[in-house]
Each structure stands twice: as C-alpha cells, then as structure tokens.
Asker: 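Structure below; questions to follow.
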Amino acid sequence: MENTIIWESPSNIALIKYWGKMGEQLPCNPSLSMSLKASVSRFELSYSLKKEGDKDLVYLFEGKENNAFEEKLSRFIASLSNDLPCLGRYRLKILSSNTFPHSAGIASSASAMSALALCLCSMQEAIDEMEMPRDFFLQKASRIARLGSGSASRSVFGQYAIWGEVEGQTESSNYFAIPFKENIHPVFQELQDTILMIDSSPKKVSSTAGHGLMKNHPYADARFHQARLNMADLLLVLEEGDFDKFARIVENEALSLHGLMMSSNPSYTLLKPNTLTAIDRIKAFRDANQLPLCFTLDAGPNIHLLYPKADEKVIQNFIQEELLELLEDGKYIQDGMGNGPTRIK
Ligand code: PMV
C-alpha cells in the first residue's frame, strides 16, 4: 500500500545573514529571517514498503527527472537513519514544484529542504501511529532541514525565525531554528517584499563554496562579531518599530555579505551594475520622501525591497517609475511575510 504526505513550505529572506559554517552544518553566527508567503515549494512524498530490487528513491521536479538532485536527496535521506529509523524500510517517491522561477533570487534550497524535512517527520509519525507534540515536531523538522541546507532550518516557522545561539534568547540553538514572536511592532508585522529581478543567470559560485571561503577569511572574526551585534540591535528594533534603524541594520548585513565575497580569497562579485544603480535610487527615493523602505540581498544580484503594507501604493509607483527599467525583462515578484508551512495532505 502506498501512502502520501504533502507539505508546502516557504522560502525565507535573511535579515541577519548566515555566512560561514562549522562542524555538521552549524552556523558561525546566528541569523534571523522573515518567511515569505508566495514563494513556496510543494513536496509530495509517497512511500510503500520496499521490495527486493526496488530503487530507494524516485524524484521528479515539476514532472521531470532531475538526476543530480535525486542523487543529492538520496544521499541526504540515507544520512538520516538515526533521526528517522523508519526510512530504511520504505521506497520513496517525491514530486516537488516551486511557485517561483529558478534563479529568481529566492532560496529554493530553504523552501525545498524544509518541505522535505516536514514530509519525512510526518511520515515517521504515520508509521509510528503516534503524533509528536507540535513543538517537538517542528524542532525536529527544523534540525533535519538544517542538515539539508542551513537556511532551511528557519523556513519551518512563519514570520521571523532565529537560527543560532543568541544571548538572551534562551531557547535559541545552533542545531535548529526557533520562532521569534516577542511583541513584534505592527510596522514589521506585515512586511512586504518585492523581489526585483536584476539578473536570473545561474550563480558563478555556490553558497557551499562561499561558506567555505569564510574558513580562512581575513575578516571572519570581525564578521561573526558584527552579526552578533546586529542581531542584538535588530531584536530590539523589531519590538520598538524604528524603521530607520531597521533599514540601517538590514542594509549593513546585505552589503557586508557581498563585501565578504569581494574580499575572500579567491574573491568574487555577484552584484551587477544595475543592482548598484537600483540601490542608489532606493536610497535617494527614501531620503527624498522620508518613507520606510529598505533593501536586502541574498547571495545573488537580485534585490529584496522591504516596506510596510501601509506604504504599498507609493512604493509600487516608485518601482514602476524608477526601477522597472533596471530589471531583467521588467520582472519582479510580489511577496511578503508569511505564516510558515502548511500540510496539504
Ligand atoms: O543555507 P545555505 O547554505 O544555502 O546558505 C544561505 C546563505 C544566505 O542565503 C546567503 C544567507 C542566509 O542566512 O540565508
């Protein structure tokens, strides 16, 4: 008999960046992210008892074979036998799809690995015929997601999530993410994220290689210290509601991430000329209009424009009038803060 579990899980955008890892996918500094709403991965996991000669895993992405990712998933799932002892006895079929295009500046590994981790934890529950307490379930899913992709640990939760030990956040851990829910100021409760597509060509340097370059980076210690300070400040700002301070911290994090890439050995740049032109225009527009608006960047040239829901209209006008011409085929994705994964089946 075959059973099927379906989860949809969002991507997230880091406001405090994770860049540099140690041990078994543990972060060198804590990070904080906002989970997105529209940019999600859907994972459909079907399982049935393995018979002799059965392949362990069949994987299709948007209906098509993807051997490279199938092998990656196979290795990942095989490495989870201690956490999820049920896995060895079943053959798995996984169908996945994303609501967002590839290379759009949206971390598909975060949404994919979190959706997969949730499916696998639900499968364990179904086989054991026993539901785990909700908090325990999410913590386990976050830990497993982390092993697949560090930033995926945060996508298991909606709104804001922290991954990595933070002073004063007693529940925080390097092993899994936790939700950050403490009295978030209304201005940050329904943050909008317009993802401006500057360039969708595939990255020259993977995140894994980028993390690796932090190992001998001359600024590594200073960076990990900076991230801790920015984290402490941002946690206060999220409660106080000061958008100017928020913008200063979030933009400092984004540009520091790219500064680290530009100053590593070997160095590389992911920003494009239009990224810089757009950043200049965003700052000029903000200064001229005194509006709550800021940008962040993932490991790529595309810009995440963040602003409160209340200012949506005027900022949409600004995008149309001043930014559209800088975008690849005029493309952008309208997204915003979401409430986390949903179990569909
Ligand atoms: O989760 P990874 O290994 O793909 O690394 C993600 C790193 C950044 O996206 C650049 C920052 C972050 O914290 O999400």
Side-chain angles (χ1 to χ4, degrees), residues 9-36 39 41 69 72-73 76 98 100 102-117 142-157 160-166 172 174-178 180 193 195 202-215 217 220 223-224 226-228 230-231 234 249-262 264 268-271 275 295-304 306 335:
S9 189
S11 186
N12 68 74
I13 178 69
L15 306 179
I16 304 290
K17 308 291 182 185
Y18 148 57
W19 201 238
K21 58 176 148 182
M22 54 190 183
E24 203 185 0
Q25 196 94 309
L26 299 170
C28 292
N29 65 260
S31 56
L32 181 146
S33 61
M34 176 177 98
S35 286
L36 298 178
S39 303
S41 290
F69 200 60
K72 191 180 160 171
L73 289 182
F76 174 58
N98 295 336
F100 51 91
H102 195 61
S103 299
I106 297 171
S108 60
S109 62
S111 50
M113 286 302 174
S114 55
L116 174 61
S142 175
R143 194 166 46 77
I144 288 171
R146 176 201 110 232
L147 294 167
S149 166
S151 53
S153 64
R154 300 181 309 236
S155 277
V156 168
F157 302 99
Y160 297 102
I162 294 173
W163 170 42
E165 281 166 26
V166 178
S172 63
N174 284 344
Y175 292 87
F176 48 82
I178 57 165
F180 179 69
D193 180 0
I195 304 155
K203 284 196 273 200
K204 290 175 291 191
V205 180
S206 69
S207 284
T208 307
H211 287 293
L213 289 171
M214 286 306 286
K215 285 233 153 67
H217 200 292
R223 161 60 196 159
F224 304 142
Q226 173 200 36
R228 285 193 178 84
N230 277 342
M231 173 69 87
L234 187 64
I249 299 165
V250 169
E251 293 179 359
N252 177 251
E253 279 291 310
L255 295 175
S256 296
L257 170 70
H258 285 267
L260 291 164
M261 295 169 188
M262 288 189 242
S264 61
Y268 61 107
T269 36
L270 298 181
L271 301 179
T275 313
F295 69 85
T296 186
L297 303 154
D298 208 344
N302 303 315
I303 294 179
H304 289 247
L306 306 176
D335 211 328

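Both counts, for ligands and for their atoms, begin at 1 and track the order of listing.
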Asker: Give one line per pair: atom of ligand 1, protein atom, distance. Only N/O to N/O under 3.5 Å.
Answerer:
from     : atom 1 : to     : atom 2 : distance (Å)
ligand 1 : 1 (O)  : Ser149 : OG     : 3.1
ligand 1 : 1 (O)  : Gly150 : N      : 3.4
ligand 1 : 1 (O)  : Ser151 : N      : 2.9
ligand 1 : 1 (O)  : Ser151 : OG     : 2.7
ligand 1 : 3 (O)  : His211 : NE2    : 3.1
ligand 1 : 5 (O)  : His211 : NE2    : 2.9
ligand 1 : 9 (O)  : Asp298 : OD1    : 2.6
ligand 1 : 13 (O) : Tyr18  : N      : 2.9
ligand 1 : 13 (O) : Arg154 : NH1    : 3.0
ligand 1 : 13 (O) : Arg154 : NH2    : 3.3
ligand 1 : 14 (O) : Arg154 : NH2    : 2.8

Asker: If the condition is ring pair (Phe, Tyr, Trp, His ring centres under 6.0 Å), which residues does Tyr18 pass it with, not counting sequence neighbours?
Answerer: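 Expected list: Trp163, His211.
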Asker: Nearest 0.5 Å please: distance from the CG atom of Asn252 over to the CG atom of Leu257.
Answerer: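 It comes to 11.0 Å.
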Asker: By salt bridge (charged side-chain N to carboxylate O under 4.0 Å, His left out), which residues pair with Arg223, not counting sequence neighbours?
Answerer: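 Per chain and number, Arg223 pairs via salt bridge (charged side-chain N to carboxylate O under 4.0 Å, His left out) with Glu253.
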Asker: Of all the heavy-atom pairs spanning Thr275 and Ile303, show the shortest one and how long it is.
Answerer: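 Minimum heavy-atom separation between Thr275 and Ile303: O-CD1, 3.7 Å.
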Asker: May I have the list of side-chain donor-acceptor pairs in residues 23-31 shorter than 3.5 Å, sequence neighbours left out?
Answerer:
from  : atom 1 : to     : atom 2 : distance (Å)
Gln25 : OE1    : Lys21  : NZ     : 2.6
Gln25 : NE2    : Arg146 : O      : 3.0
Gln25 : NE2    : Leu147 : O      : 3.4
Asn29 : ND2    : Lys17  : O      : 3.0
Ser31 : OG     : Arg154 : NH1    : 2.7

Asker: Could you check whether any side-chain N or O of Ser11 sits under 3.5 Å from a backbone N or O of Ala110, counting only pairs where one atom can act as donor and the other as acceptor?
Answerer: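 Not a single qualifying donor-acceptor pair exists.
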